[in-house]
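Structure, as structure tokens:
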2 protein chains.
Amino acid sequence: MEVKVACITQTSEEKIKEAAKAIFLKKGYAGTTARDIAEAANMNIALTNYYFRSKEKLFLEIFKDLFNYYCQNTLRIFQKPIGIREKLIELIEEDFRVMKAEPNLVLFLMKEIQRDPEQLPPELSKFKELLHGTLTSQIKEEVKNGRMRDIGADHLIPLIMGSLQFIFVGKNMNMKLYNTTEDEFNDFAECHKNLIISMITEYLFTPTTAS
Amino acid sequence: MEVKVACITQTSEEKIKEAAKAIFLKKGYAGTTARDIAEAANMNIALTNYYFRSKEKLFLEIFKDLFNYYCQNTLRIFQKPIGIREKLIELIEEDFRVMKAEPNLVLFLMKEIQRDPEQLPPELSKFKELLHGTLTSQIKEEVKNGRMRDIGADHLIPLIMGSLQFIFVGKNMNMKLYNTTEDEFNDFAECHKNLIISMITEYLFTPTTAS
DNA sequence: AGTATTTTTAAACAATTGTTTAAACCATTT
DNA sequence: AAATGGTTTAAACAATTGTTTAAAAATACT
């Protein structure tokens, strides 16, 4: 009884949610209409409010999903029992993967958080905790042992994230400006990522040969 | 005759434009209504279309202004007859000033360009030219003389801009997350800016003492 | 098969959107 | 004082917005 019904239900529900996710990501909350979503999902307009109670409820569900998707792997890497150098490199690589898979994600999240900062999910608190807990102490120890330059985690992470994500935030501008294809942009992005890894590691970690 | 009339005209027109600029910056094109603008400007709704022909025309005018405002100083610094090191520092300092004065500017521009990449003004082409002309040749020469690390201008500029602007793009998130005041955020941002200057200069420019 | 429940549909809802109208207003000129 | 011009207003416009309704279709259950 429940199995089949649930399956069919989830199929239509998921169709709408997927279509909504794609459109919200591209156009944002204000720029998306309920009919846009229904049309993209090939479903009747009324179904949007049948499964999700309102446009806002649907949006909040998707926003939360996307926010978690973005944080999930970062938080996991934060807690990994590996050296800070390897951790930072993994963070960059993982972030790059996410950005490549969903280039509009960061711009979407930033815009919607700016629109309504109150909707920030509690997951962000964990981010904050790990930033000031695990990561900060790990950096402090490395600095103490003279293997790393002194830098606050609350500066380091935005610095890394920013320099990497900026080219994705401005992807449309770049592609339009340089008339590049999707593949060419990805090559450029990959090159940029590697450059950031080089810079971060070479700048932060003093080669133990000299001095 | 013309003087007074023109003055009054411009006063009302400018009132609307200023109010529209503030709201567009905060809420974006899709999130802004004509009545929002009229109310903020304390003017009748019809005046928006009386002075500017439509919401879109008004937006395009403001967008162009803001885009130029953002590029203007950057382009000027690009062409300055100073060393590349000083030039980069000036770029960061100037960018920081602009971001501090209008924290929503970059997020606004990025979002609106993503919404409609076709509206990109021709000013961006000049940006591209200078990036691949003046700046690239200046870097190449410095690299040739062994005074600077080899890095493409098309990677260096986004790297600098990104790491600096990211904290402003995520300003609302940061302030909400850390429960900071406007002043505290500005202190954090200033600290971040100085850190970026240190990193960029120390990483890029090899101290001529060693080797 | 027949009933009950869930899902889907077309149509309409009230509210809001950008925009326009036509009259009133006001300063200036005749 | 009358008329002219640009300016401002209240009111309405048609179109679109998110949402709801009530009937139809499809599915599950007895």
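To find a chain, count down the sequence lines: A is the first, B the second, and so on, and within it residues start at 1. Values in this document were obtained by computation on a predicted structure and should not be read as measured data.
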Under 4.0 angstrom between A/Tyr50 side-chain N/O and C/dT7 OP1 or OP2: yes
Name every donor-acceptor pair, under 3.5 Å, that has one atom in a side chain of residues 20-30 of chain B and the other anywhere in the protein, sequence neighbours excluded.
none

Taking atom P of D/dG18 as reference, at what distance in whole Å does atom CZ of A/Phe52 sit? 15 Å
Donor-acceptor contacts under 3.5 Å from residues 75-82 of chain B side chains, at least two apart:
residue: B/Arg76; atom: NH2; partner: B/Asn73; partner atom: OD1; Å: 3.3
residue: B/Gln79; atom: NE2; partner: B/Leu75; partner atom: O; Å: 3.2
residue: B/Lys80; atom: NZ; partner: B/Glu90; partner atom: OE1; Å: 2.8
residue: B/Lys80; atom: NZ; partner: B/Glu90; partner atom: OE2; Å: 3.1

Do the rings of B/His155 and A/His192 sit parallel, tilted or perpendicular, given the 30° and 60° boundaries? parallel
What is the separation between atom CE on A/Met43 and atom C1' on D/dG18, rounded to the nearest whole Å? 19 Å
Return a table of donor-acceptor pairs under 3.5 angstrom between the side chains of residues 57-66 of chain B and protein atoms on other chains or two or more places apart.
residue: B/Glu61; atom: OE2; partner: B/Lys17; partner atom: NZ; Å: 3.0
residue: B/Asp65; atom: OD2; partner: B/Lys17; partner atom: NZ; Å: 3.1

Name every residue in residues 30-40 of chain B that has at least one heavy atom under 4.0 Å from any atom of DNA chain C, in order of residue number, or write none if there are no such residues. B/Thr32, B/Thr33, B/Ala34, B/Arg35
Nearest whole Å is fine: how far is D/dT17 C1' from A/Lys55 NZ? 8 Å
Send over the distance from A/Asn49 CG to C/dA11 P, rounded to a whole Å. 19 Å
Could you walk me through whether A/Glu129 and A/Lys126 satisfy the salt bridge (charged side-chain N to carboxylate O under 4.0 Å, His left out) test, starting with their C-alpha distance in whole Å, then the side-chain angles of each, then the deciding distance to 0.1 Å, before giving a yes or no? CA-CA 5 Å; A/Glu129 283 172 30; A/Lys126 201 171 184 191; over 6 Å; no
How many Å lie between CG on A/Leu47 and P on C/dA10, as a whole number? 11 Å
Determine the contact category for B/Ser54: base if any of its heavy atoms lies under 4.0 Å from a base atom, sugar-phosphate if only primed atoms, P, OP1 or OP2 are that close, otherwise nothing. sugar-phosphate
Hits for side-chain hydrogen bond (donor to acceptor under 3.5 Å, both in side chains) against A/Gln119, two or more places apart or cross-chain, chain-then-number order -> none
May I ask you to check whether B/Lys87 and B/Gln138 show a side-chain donor-acceptor distance below 3.5 Å? yes
A/Arg149 charged N/C atom sitting above A/Phe205 aromatic ring, 6.0 Å / 45°: no
Return the value, rounded to whole Å, for the distance between atom CD1 of A/Ile23 and atom P of D/dT17. 12 Å
I'd like a list of close polar pairs between nucleotides 21-25 of chain D and the protein, N/O only, cut-off under 3.5 Å.
none

B/Lys57 NZ to C/dG18 P, straight-line distance once rounded to whole Å: 15 Å
State, with a plain yes or no, whether a side-chain heavy atom of A/Met199 is found less than 4.5 Å away from one of B/Met199. yes
d(CZ, B/Arg53; P, C/dT19) in whole Å: 11 Å
Give a yes/no on whether any side-chain N or O of A/Ser12 is located under 4.0 angstrom from OP1 or OP2 of C/dT8. yes
Would you indicate, yes or no, if C/dT8 has its OP1 or OP2 atom less than 4.0 angstrom from a side-chain nitrogen or oxygen of A/Asn44? no
